[in-house]
Amino acid sequence: MDIDKMKEELQHRIQVLRPQLIEEVKVARSFGDLSENFEYKAAKREKNRNDSRIRYLQNMIKTAVVIDAAGQGEGIALFDKVTFLVEEDGTQETIQLVTTLRQDALKGLISKESPVGKALLGHKVGDRVKIQVNDTFSYDVVIQKVEKTGEDPDIPISTF
């Protein structure tokens, strides 16, 4: 579950990473003139990135809405692998619908909040679906295969 992964990462960043980064800043500060101290600037930047990620995770956990992927019916649902034919050029694509935190388009992990994800949710094999990318561009696909995979705990949550 995404929220468990976020809590795990948050705990690691606060209890393990933050003390390490604070120590690195202290050590780099001892090297002398801070205006020309690259090690200090780099250590400070990493500490700030970690602090930013901590705030992001805390906010995501606080505002998270838990989705029950088990009872989504027989149409395309969260975590399903979907193969479809793009009518315009005759290409076939396979994607997996995931939560926004797990999206990675280069690996075929498409958010349920994306234009493709929103359009496909609830449809079945054989359905022709219009994917509205923006106000001026859309395309049609035909759903060829739906594989009910369930949540894959090995898909990492996105980092920055």
Side-chain angles (χ1 to χ4, degrees), residues 1-21 42-160:
M1 183 178 282
D2 289 354
I3 198 154
D4 294 333
K5 286 185 176 194
M6 286 188 294
K7 287 177 180 177
E8 189 177 300
E9 181 184 346
L10 178 63
Q11 181 179 7
H12 173 75
R13 286 183 175 276
I14 290 172
Q15 294 178 351
V16 177
L17 204 51
R18 182 186 270 167
Q20 288 174 354
L21 294 172
K44 191 80 168 159
R45 182 176 53 244
E46 285 305 308
K47 180 194 164 300
N48 290 340
R49 283 179 51 117
N50 186 59
D51 289 346
S52 177
R53 181 69 176 176
I54 287 170
R55 287 189 302 274
Y56 171 79
L57 289 168
Q58 287 171 331
N59 189 49
M60 291 297 290
I61 291 167
K62 182 172 70 174
T63 60
V65 176
V66 178
I67 300 169
D68 180 15
Q72 296 187 41
E74 60 185 70
I76 295 172
L78 189 59
F79 302 117
D80 289 352
K81 284 188 180 178
V82 181
T83 302
F84 56 85
L85 177 72
V86 180
E87 289 186 334
E88 185 175 87
D89 60 10
T91 60
Q92 187 179 53
E93 293 187 33
T94 300
I95 63 161
Q96 183 173 10
L97 288 181
V98 295
T99 62
T100 304
L101 287 173
R102 295 184 186 201
Q103 67 187 354
D104 186 345
L106 297 177
K107 294 181 180 175
L109 302 171
I110 306 299
S111 167
K112 67 178 188 61
E113 302 294 329
S114 70
V116 173
K118 286 180 184 178
L120 293 177
L121 281 174
H123 287 280
K124 299 175 184 147
V125 172
D127 286 357
R128 184 170 186 252
V129 180
K130 179 184 220 83
I131 299 177
Q132 190 73 41
V133 177
N134 58 37
D135 291 340
T136 60
F137 181 72
S138 66
Y139 60 96
D140 295 316
V141 301
V142 176
I143 301 169
Q144 296 180 318
K145 180 180 174 185
V146 176
E147 184 182 343
K148 299 282 187 185
T149 59
E151 182 178 3
D152 182 353
D154 294 332
I155 300 173
I157 61 173
S158 300
T159 59
F160 63 98

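- A heavy-atom distance below 4.5 Å is not found between the side chains of Asp104 and Val98.
- In this structure, the separation between CD on Gln132 and NZ on Lys118 is 12.0 Å, given to the nearest 0.5 Å.
- Considering OG1 of Thr99 and CD1 of Ile3, their distance stands at 11.0 Å, rounded to 0.5 Å.
- The closest side-chain heavy-atom distance from Leu85 to Gln144 is below 4.5 Å.
- Thr94 meets the side-chain contact (heavy atoms from CB on, under 4.5 Å) test with Thr83; sequence neighbours excluded.
- What you find for Arg18 and Ile54 is that their closest heavy atoms are NH2-CD1, 3.6 Å.
- Side-chain contact between Leu17 and Gln20 is present, with heavy atoms from C-beta onward closer than 4.5 Å.
- Nearest approach of Leu78 to Lys112, heavy atoms of both residues: CD1-CD, 3.8 Å.
- To the nearest 0.5 Å, atoms OH (Tyr56) and CG (Leu10) are separated by 12.5 Å.
- To the nearest 0.5 angstrom, Asn50 atom CG is 5.0 Å from Arg13 atom CZ.
- Taken to the nearest 0.5 Å, the NZ atom of Lys81 stands 13.0 Å off from the CD1 atom of Ile110.
- Each salt bridge (charged side-chain N to carboxylate O under 4.0 Å, His left out) pair with one or both residues in residues 83-95, not counting sequence neighbours, appears once here: Glu87-Arg128.
- Listed here is the closest heavy atom pair of Ser111 and Thr100: OG-OG1, 3.3 Å.
- Scanning both residues, Asn134 and Thr136, for their nearest heavy atoms gives OD1-N, 2.9 Å.
- Heavy-atom minimum distance, Met60 versus Leu101: CE-CD2, 3.8 Å.
- Looking at heavy atoms from C-beta onward, Phe84 lies in side-chain contact with Leu120 at the 4.5 angstrom threshold.
- Closest approach of Met6 to Leu57, counting heavy atoms only: CG-CD2, 3.9 Å.
- Rounded to the nearest 0.5 Å, atoms NE2 (His123) and CG (Asp80) are 13.5 Å apart.
- The main-chain N or O of Phe79 is found under 3.5 Å from a side-chain atom of Gln96 such that the two form a donor-acceptor pair.
- For CD of Gln58, the number of neighbouring non-hydrogen atoms (other residues, nucleotides, ligands) closer than 6.0 Å is greater than 12.
- In this structure, Asp51 does not pair ionically with Arg55, as no charged nitrogen and carboxylate oxygen lie closer than 4.0 Å.
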